[in-house]
Amino acid sequence: MLKKELATYLPPLADGSAHEASFTEADCQAQAAREVIGLVEMLRDTLEGYLAIRAGLSPDESSRIDTAEAGQWMQRTIDDLVATIVGIEATPT
């Protein structure tokens with residue numbers, strides 16, 4: 001990656017200036033991983049809200065069970081995403 005592209009993954013410095021050559025690809029990789037985990041956590045929160053609304057709208061017990069099972073599957077998928085990112089980050093490059 002070019003340094004300029006890597007800089008897009010880092011916030012501006014405290015004085016508002018852009019990063020120079022003081023950051024590494026590893027820094028950018030770690031920042032990108034944190035951003036992805038943050039997005040996945042936002043997805044988890046949104047999914048919980050959606051499932052709560054959906055459960056309240058289900059007309060019968062069978063529909064509620066199907067929704068709950070689908071929700072559990074989606075939650076496990078989100079857990080797998082986070083675990084995969086953590087595992088990748090723990091692996092030395």
Side-chain angles (χ1 to χ4, degrees):
M1 281 185 153
L2 299 171
K3 293 281 184 188
K4 191 174 194 178
E5 291 169 320
L6 294 174
T8 62
Y9 290 105
L10 296 172
L13 296 171
D15 65 3
S17 64
H19 292 270
E20 296 298 323
S22 62
F23 58 88
T24 66
E25 276 195 39
D27 295 331
C28 292
Q29 176 183 334
Q31 176 64 27
R34 285 190 296 272
E35 288 178 20
V36 170
I37 289 173
L39 290 170
V40 171
E41 292 301 325
M42 284 182 2
L43 175 61
R44 180 189 313 274
D45 293 344
T46 303
L47 176 62
E48 287 174 6
Y50 166 75
L51 292 173
I53 292 167
R54 182 80 185 154
L57 298 176
S58 296
D60 57 35
E61 184 65 23
S62 177
S63 294
R64 282 189 290 280
I65 290 170
D66 290 345
T67 299
E69 288 176 359
Q72 290 169 357
W73 179 81
M74 289 186 277
Q75 291 287 359
R76 284 191 303 272
T77 301
I78 290 171
D79 292 342
D80 289 346
L81 284 169
V82 171
T84 300
I85 294 165
V86 169
I88 289 170
E89 284 302 298
T91 305
T93 55

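These numbers come from a predicted model, not from an experiment. The basis for the numbers below is simple: all heavy atoms, side chains too, and nothing from hydrogens, waters or symmetry mates.
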Return the set of residues passing side chain to side chain donor-acceptor pair (under 3.5 Å) with D66 (not counting sequence neighbours), or none when no residue passes.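 Partners of D66 by the side chain to side chain donor-acceptor pair (under 3.5 Å) criterion come out as none, since no residue qualifies.
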Residues two or more places apart in sequence or in another chain: which of them pass side chain to side chain donor-acceptor pair (under 3.5 Å) with D60?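 Expected list: S63.
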Counterpart residues, salt bridge (charged side-chain N to carboxylate O under 4.0 Å, His left out), relative to E41 (two or more places apart): R44
[X], [Y]: one ILVMFWY side-chain cluster at the under-4.5 Å cut-off?
{"X": "I65", "Y": "L57", "answer": "no"}
{"X": "V82", "Y": "I85", "answer": "yes"}
{"X": "V36", "Y": "L43", "answer": "yes"}

Distance-minimising heavy-atom pair for E89 and A30: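 Closest pair (atom of E89, atom of A30, distance): OE1-CA, 3.8 Å.
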What are the two closest non-hydrogen atoms of L51 and G71, and how far apart are they?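 Heavy-atom minimum between the residues: CD1-CA, 3.4 Å.
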Quick check for you: to the nearest 0.5 Å, what is the distance between [X] atom [atom1] and [Y] atom [atom2]?
{"X": "R34", "Y": "Q29", "atom1": "CZ", "atom2": "CD", "result": "10.5 Å"}
{"X": "L39", "Y": "L81", "atom1": "CG", "atom2": "CG", "result": "11.0 Å"}
{"X": "M42", "Y": "T46", "atom1": "CE", "atom2": "OG1", "result": "6.5 Å"}

What's the verdict on side chain to side chain contact (heavy atoms under 4.5 Å, CB included) for V86 and I37, showing C-alpha distance, side-chain angles and the deciding distance? CA-CA 9 Å; V86 169; I37 289 173; 4.3 Å; yes
